[in-house]
Structure formats: structure tokens, C-alpha cells
Amino acid sequence: MGHKRLNPARSVSHPPFHLWGCGESDSPESEATRIPLSPTQVRSATPASVWTPAEQKPSLGAAQGSLNSQREPAQQRPLRLEAPSRSAPSKGSTSCQRGRSGRARLHGDRSERRARGPSLDLSSGTRGKESLVRVNGTQSLLRGPCLTMLSRVVCSAAAAAAPRLKNAALLGPGVLQATRIFHTGQPSLAPLPPLPEHGGKVRLGLIPEEFFQFLYPKTGVTGPYVLGTGLILYFLSKEIYVITAETFSAISVIGLLVYVVKKYGASIGEFADKLNEQKIAQLEEVKQASIKQIQDAIDTEKSQQALVQKRHYLFDVQRNNIAMALELTYRERLHRVHREVKNRLDYHISVQNMMRRKEQDHMINWVEKHVVQSISAQQEKETIAKCIADLKLLAKKAQAQPVL
Amino acid sequence: MASVVPVKEKKLMDVKLGELPSWILMRDFTPKGIAGAFQRGYYRYYNKYVNVKRGGVAGISMVLAAYVLFNYCRCYKELKHERLHKYH
């Protein structure tokens with residue numbers, strides 16, 4: 001009789017073990033199957049709504065100061081910077097004046113541009129407190145630069161430097177006058193146009209191109225030159241211009257200046273342009289750094305938001321772990337119960353077996369003893385004699401057989 | 001003749017000859033107005049020839065030439081005596 005085997009049946013009341021996760025919360029089609037401790041398959045969660053920079057409010061306006069982007073809702077507007085205009089011989093006052101205006105342009109603030117007016121005296125290089133207080137007093141100032149820009153923009157489509165006056169009559173009084181507002185009108189609040197690339201064209205370094213265009217219809221190309229020559233000869237002959245010793249010094253000085261400008265003008269211009277470009281590059285760098293910073297913040301924020309969507313994975317993992325631990329302890333205890341019960345039952349079985357064996361042995365001994373006791377001496381002799389006779393017979397038979 | 005824009009709002013070159021007196025009288029001759037006129041003129045020249053990305057020598061050379069001319073006119077009275085010939 002062997003040992004009995006016990007198979008403890010699983011209690012029906014134990015809840016089925018299933019794993020959370022597998023995109024369960026995202027997609028409803030995942031069923032809760034009994035997965036015996038297989039690793040959870042992580043499905044890619046549906047991407048959160050992409051927050052493009054286009055939807056971003058123009059919150060860059062918070063950055064006051066050196067960047068011009070506050071008035072430009074789109075980030076692609078070019079940075080408007082004023083570069084100090086280059087000139088071969090730079091007078092001290094004009095350079096400082098240029099520097100002031102350069103800074104004004106760099107800041108790009110409208111109020112500062114308006115407030116640049118009152119500082120007329122060239123010698124004072126102080127910036128002054130150009131604040132918004134001055135806006136009211138210098139509104140009239142705005143017309144000048146705005147007018148120039150507007151008129152240049154309007155008429156650049158027509159001739160390059162055509163006399164606006166003459167052409168205006170041709171186009172009609174109403175059309176163009178609408179664009180040329182007198183300076184007592186309201187200043188426009190549109191953003192400033194970018195700096196012009198080149199200044200007004202000037203011939204011989206002295207006479208603006210408009211004068212030549214003014215005379216062109218009547219006298220052709222050589223008109224102004226003939227006029228100039230005639231005037232010079234007239235002044236000399238009538239001695240309205242008197243030739244003195246200073247004339248020769250003036251001739252030498254002017255000749256020297258012309259030579260210097262002609263020879264080194266371009267290189268000095270390039271040098272100044274390089275300086276400007278460096279400044280612009282610096283500011284552009286700052287702007288790009290700021291943009292990049294903000295973009296990084298945006299990306300971080302987006303990733304954080306995306307992470308929030310995936311939080312459920314954490315909880316699913318924790319739940320899975322807990323469930324596995326519970327199942328583990330359950331099985332462990334089940335196994336222990338099984339072992340203990342088997343132990344007890346084995347004990348009883350072994351006790352029974354042992355008792356049985358003892359009984360058998362005892363009975364056998366008792367039977368043998370009594371049998372042995374029951375054999376008397378007489379019976380023993382008879383049995384022995386019979387045995388000997390049998391043996392003799394067997395011996396004879398055995399001898400007879402090999403002969404055959 | 002009737003104009004589309006009131007006389008007050010026109011620039012000098014657009015004003016017709018008949019309207020000139022009224023236009024001149026309309027102008028602001030207070031000190032503030034005159035200062036404003038100087039400012040405007042200054043900024044007009046400045047923004048055309050100096051406040052550009054790639055200026056040239058024209059920006060200040062015109063100013064210097066005008067200065068020279070102005071001083072010559074101022075000194076003409078004394079210079080008249082240094083003429084080389086008496087009769088022209």
C-alpha cells in the first residue's frame with residue numbers, strides 16, 4: 001500500500017489573477033485574460049494633442065528692452081536694427097549723434113524714436129531721459145521721418161528719384177494727397193519700416209539727384225553740368241567769388257579729401273559694415289538664445305504633459321506587482337497547507353502500516369510456536385522416517401534418469 | 001478752385017499759387033512751431049542721408065558745403081575789398 005497522494009483543489013472563491021496595463025485604459029478592446037506572470041506589453045499611448053507654436057499666444061511680449069519682437073506677433077519679422085551710417089571722416093558730434101540714434105533704433109521703442117527729437121544740439125551727447133512723457137510734445141516730429149519713408153515707399157515704384165511734385169500732378173491730386181498727410185495730422189501707429197539700404201543719391205558728393213531729375217525734362221542730361229559751369233564762370237568773372245590765398249589752400253584740402261575718399265572709402269565702408277554685422281549678430285544670438293530657451297521650455301512642458309497621460313502605466317505596474325505578490329503568497333500558503341496535511345496523513349498511514357506489520361509478525365510467531373508445540377516426539381520420528389524413505393526413492397529416480 | 005484736401009493740410013509744393021497767402025498765414029509761427037519746423041527739417045535730412053544702413057560721404061559733405069557757403073556769404077562784405085580787379 002503506497003502513500004496516498006493528495007491534490008488540494010483550488011478554492012473557487014479566489015479571484016482570478018489578471019494583469020493591468022496593456023493599454024487597457026486607452027483602448028477598450030483589451031480583455032483581462034489570465035496571463036500567468038508574463039511581462040506586460042507596453043503599447044504606445046495615443047499621442048496627446050500636439051501643441052504647435054502657431055497656437056502659442058504672443059507671450060513674447062513680456063520681454064521689454066533690447067529685442068524688437070514685442071510689437072511683432074509673428075516671430076518671422078526681421079529684426080530691425082539701425083546701423084550707424086559710415087562715413088570716411090567722422091565728425092565727433094555727428095558720430096555721437098549717430099550713436100544715439102543707433103541706440104534708439106536698437107531699442108526699437110516707438111516712444112524713444114519720438115523722443116529723439118528734442119535733443120537738437122549736437123554737442124550734448126547725453127541720451128537724456130527719453131521717456132514716454134515726451135511723446136505728447138513731439139508728436140509733430142513724427143511726420144518728418146514718417147513722411148520721408150512713406151513718400152519713398154510710395155514713389156519708389158515710379159521713377160527712382162522722380163520729383164514727387166511733378167509726378168503728383170500727373171497722377172491726380174486726390175490719389176497722392178491721400179498718402180501725403182500734413183504734419184499736423186495724427187501720427188500713424190504702424191510699426192516703423194526697416195532702415196533704407198542706401199541714402200538719397202547724390203552726385204559729386206554735393207548735389208542731390210533730385211536736382212538733376214528736376215532739370216532733365218527741359219535740359220537733358222548735360223543741363224545741370226552746364227548750369228554749374230556757367231555759374232562758376234559767372235561767379236569768377238564777376239568776382240562774386242574772390243580768389244585769395246585761401247582759394248589755393250581750399251583747392252589742396254578739397255583735393256586731398258577727394259583723393260582719400262575715392263581711395264579708402266570702400267574699405268572704410270566695409271569695415272563699418274563688419275562692425276554693424278557683428279553687433280547685429282550679437283543681438284541675433286541673444287534673440288536666438290531666448291527663442292531657444294523658450295522653445296526648450298515649451299518642449300519640456302509638452303513632455304511633462306505627455307507624461308501625465310502615461311501616469312496610468314505606473315499605477316498598472318504597481319497593481320500588477322501587488323497582484324503578483326498576493327498570488328505568490330496564496331500559492332505559497334497553499335503549498336504549505338498541502339505539505340502539512342500530507343504530513344499528518346502520512347503519519348497515520350505509517351502508523352497503520354506499522355500496526356499491521358506488527359500484527360502479522362505476531363500472528364506468524366504465535367502460529368509457528370503453536371505448530372511447533374503441537375508436533376510431539378512421536379510424530380517427529382515418523383516424519384523423519386518418511387522423509388528418509390522419500391529421499392531414497394528420489395535418489396533412485398535420479399540415478400535412473402541420467403541413464404535414459 | 002475747390003481742392004479735395006483742405007488748404008491747411010497740404011504741403012507747400014501742393015499748394016496752388018492762389019492759396020499761397022492763406023497757406024502762409026496758416027503756418028504756426030509760435031516759437032514752438034518754429035522749433036518744430038527746424039526739427040522736421042533736420043530729421044528729414046537726417047533720415048534721408050545719414051540714418052541709413054550704408055551711408056556715404058554725401059551725408060556730411062552737403063552739410064559742410066552748406067556751412068562753407070554760409071560763412072562765405074557772411075564774410076563777403078570784407079572779401080569784396082580783396083578783389084583783383086576794380087571793374088567787372
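Side chains are part of it too, since the values below use all heavy atoms of this structure and drop only hydrogens, waters and symmetry mates. Because the structure is predicted, anything quoted here is derived from the model rather than measured. Just so it is clear: chains get the letters A, B, ... in the order the sequence lines come, proteins before strands, and each one is counted from 1.
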>> Whether the side chain of B:S61 engages the backbone of A:L206 through a donor-acceptor N/O pair (distance < 3.5 Å, no angle test) should be reported.
In response: no
Enclosure of [X] [atom1] (heavy-atom neighbours >12, cutoff 6.0 Å):
{"X": "A:Q282", "atom1": "CD", "value": "no"}
{"X": "B:Y67", "atom1": "OH", "value": "no"}
{"X": "B:F70", "atom1": "CZ", "value": "no"}
{"X": "A:F212", "atom1": "CZ", "value": "yes"}
{"X": "A:Y225", "atom1": "OH", "value": "yes"}

Is there a side-chain contact between [X] and [Y] in this structure, where contact means two heavy atoms from C-beta onward sitting under 4.5 Å apart?
{"X": "B:M62", "Y": "A:V202", "value": "yes"}
{"X": "A:H198", "Y": "B:V52", "value": "no"}
{"X": "A:E239", "Y": "B:L84", "value": "yes"}

Can you measure from [atom1] ([X]) to [atom2] ([Y]) and round to the nearest 0.5 angstrom?
{"X": "A:I254", "Y": "B:L64", "atom1": "CD1", "atom2": "CG", "value": "10.5 Å"}
{"X": "B:K53", "Y": "A:N276", "atom1": "NZ", "atom2": "CG", "value": "10.0 Å"}
{"X": "B:H88", "Y": "A:I240", "atom1": "NE2", "atom2": "CD1", "value": "9.5 Å"}

Check [X] against [Y] and note the closest heavy-atom contact, atom names and distance.
{"X": "B:Y49", "Y": "A:G200", "value": "CE2-O, 3.3 Å"}
{"X": "B:Y72", "Y": "A:Y241", "value": "OH-CA, 3.1 Å"}
{"X": "B:N51", "Y": "A:L195", "value": "O-CD2, 3.1 Å"}

>> Quick check on B:Y76 against chain A: is it the side chain, the backbone, both or neither that has a heavy atom closer than 4.5 Å?
In response: side chain
> Is the shortest distance from a Lys or Arg side-chain nitrogen in B:R54 or A:E270 to a carboxylate oxygen in the other one below 4.0 Å?
Replying inline: no
